[in-house]
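Here is the structure we will look at, set down as structure tokens.
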Amino acid sequence: MENHENESLQERDNLQNAQAHQHRPESMTIPVIEERVQVEKRMVEKGAVRITKVVSEQEVPINIPLLQEEHDIQRVPVNEYVDTPPPPIRYEGDTMIIPIVQEVMVVQKRLMVVEELHITKNITQTHDVQQVNLRKEEIRVERISPDAPDSANEPL
């Protein structure tokens, strides 16, 4: 029932609105204006940079320690008869001793140590100065302004 009353009210309102429009002498249109914005971006060159790399060489002296081995050889006469051959090499400190044997004819044959070689190692250190080329790189950066002439380049 409530729906029926609502429908009756709507019909009555529509009828009144229609009658009101018939009595108006002319219709009027009112434009509705809305502004909108459109944003665009573009690249603008504001400057440039020039980078220069310079490699320079410089000869510098360097001190290099060098090792040199020298051997001092001494012949030491022994002249002893031995029954068995001695070990081929023995060491006494920094000295290496190598026995030298010889067969000698006697009524019987025996080994006799004739001499020993005493070899001592001496290490000396010297300094040698050499000339060596060393390279060094330097970087130079210049800002280039598009608005200024070439003479306005200024290093950074």
Side-chain angles (χ1 to χ4, degrees), residues 2-3 6 10 13-14 17 21 24 26-156:
E2 195 174 315
N3 274 345
N6 284 339
Q10 278 184 343
D13 287 340
N14 288 340
N17 285 339
H21 286 295
R24 286 193 185 166
E26 70 182 62
S27 68
M28 182 183 255
T29 305
I30 299 175
V32 177
I33 299 173
E34 176 183 351
E35 290 184 343
R36 295 192 181 172
V37 67
Q38 182 176 351
V39 178
E40 292 182 8
K41 295 189 298 185
R42 63 185 170 111
M43 298 284 282
V44 176
E45 184 176 323
K46 289 301 229 178
V49 173
R50 176 181 297 133
I51 298 176
T52 307
K53 177 171 114 173
V54 177
V55 177
S56 60
E57 284 190 17
Q58 179 182 5
E59 192 169 288
V60 295
I62 58 171
N63 192 359
I64 304 170
L66 303 174
L67 295 179
Q68 178 179 345
E69 285 188 6
E70 295 179 1
H71 296 276
D72 179 29
I73 300 176
Q74 296 179 3
R75 292 179 169 265
V76 178
V78 176
N79 294 324
E80 290 180 5
Y81 290 102
V82 292
D83 294 330
T84 61
I89 296 175
R90 75 178 192 270
Y91 290 92
E92 292 180 5
D94 288 341
T95 303
M96 176 173 51
I97 301 173
I98 302 172
I100 308 294
V101 293
Q102 168 185 349
E103 289 182 343
V104 180
M105 290 298 286
V106 284
V107 176
Q108 66 188 62
K109 185 166 115 174
R110 296 178 62 188
L111 291 177
M112 179 174 123
V113 176
V114 178
E115 67 178 335
E116 292 179 336
L117 292 180
H118 291 226
I119 300 173
T120 305
K121 178 176 22 174
N122 298 318
I123 297 176
T124 58
Q125 180 173 343
T126 60
H127 291 273
D128 186 21
V129 176
Q130 297 286 325
Q131 295 294 329
V132 178
N133 283 331
L134 299 179
R135 293 183 195 169
K136 178 181 177 183
E137 294 182 348
E138 295 179 12
I139 302 297
R140 200 174 81 203
V141 178
E142 296 178 33
R143 183 171 304 227
I144 302 169
S145 175
D147 301 334
D150 285 342
S151 63
N153 294 349
E154 51 186 77
L156 295 177

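Note that the structure is predicted; figures quoted are calculated from it, not measured. Both backbone and side-chain heavy atoms feed into the values below; hydrogens, waters and symmetry mates do not.
Of the inter-residue distances, the one linking Asn79 atom CG with Gln102 atom CD reads 9.0 Å to the nearest 0.5 angstrom. Here the OH-CE distance, from Tyr91 to Met96, works out to 5.0 Å after rounding to the nearest 0.5 Å. How far OG of Ser56 is from CZ of Arg135: 10.5 Å, rounded to the nearest 0.5 Å. In this structure, the separation between CD1 on Ile139 and CD1 on Ile51 is 7.5 Å, given to the nearest 0.5 Å. For the atom pair OG1 (Thr52) and CD (Glu142), the distance works out to 5.5 Å, reported to the nearest 0.5 Å. Here the straight-line distance linking atom CD of Gln38 with atom CD of Glu40 works out to 5.0 Å at 0.5 Å rounding.
Within a 6.0 Å sphere centred on CG of Asp94, other residues, nucleotides and ligands contribute 12 heavy atoms or fewer. The 12-atom threshold is exceeded at CD of Gln125, counting heavy atoms of other residues, nucleotides or ligands nearer than 6.0 Å.
Partners of Glu92 under the salt bridge (Lys or Arg N to Asp or Glu O under 4.0 Å) rule, at least two apart in sequence or in another chain, are Arg90. Asp128 is linked by a side-chain hydrogen bond (donor to acceptor under 3.5 Å, both in side chains) to Gln130, counting only residues two or more places apart in sequence or in another chain.
Between Ile100 and Val113 there is no side-chain heavy-atom pair separated by less than 4.5 Å. Considering only heavy atoms from C-beta on, Val101 comes within 4.5 Å of Pro86 through its side chain. Residues Glu34 and Arg36 are in side-chain contact: their nearest non-hydrogen atoms beyond the backbone lie under 4.5 Å apart.
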Distance-only donor-acceptor pairs under 3.5 Å for side chains of residues 65-78, two or more places apart:
unit_1	atom_1	unit_2	atom_2	d
Asp72	OD2	Gln74	NE2	3.4
Arg75	NH1	Glu115	OE1	3.3
Arg75	NH1	Glu115	OE2	2.4

ask   = Ile119 and Ile98: side chain to side chain contact (heavy atoms under 4.5 Å, CB included), yes or no, with the steps?
value = CA-CA 8 Å; Ile119 300 173; Ile98 302 172; 4.1 Å; yes
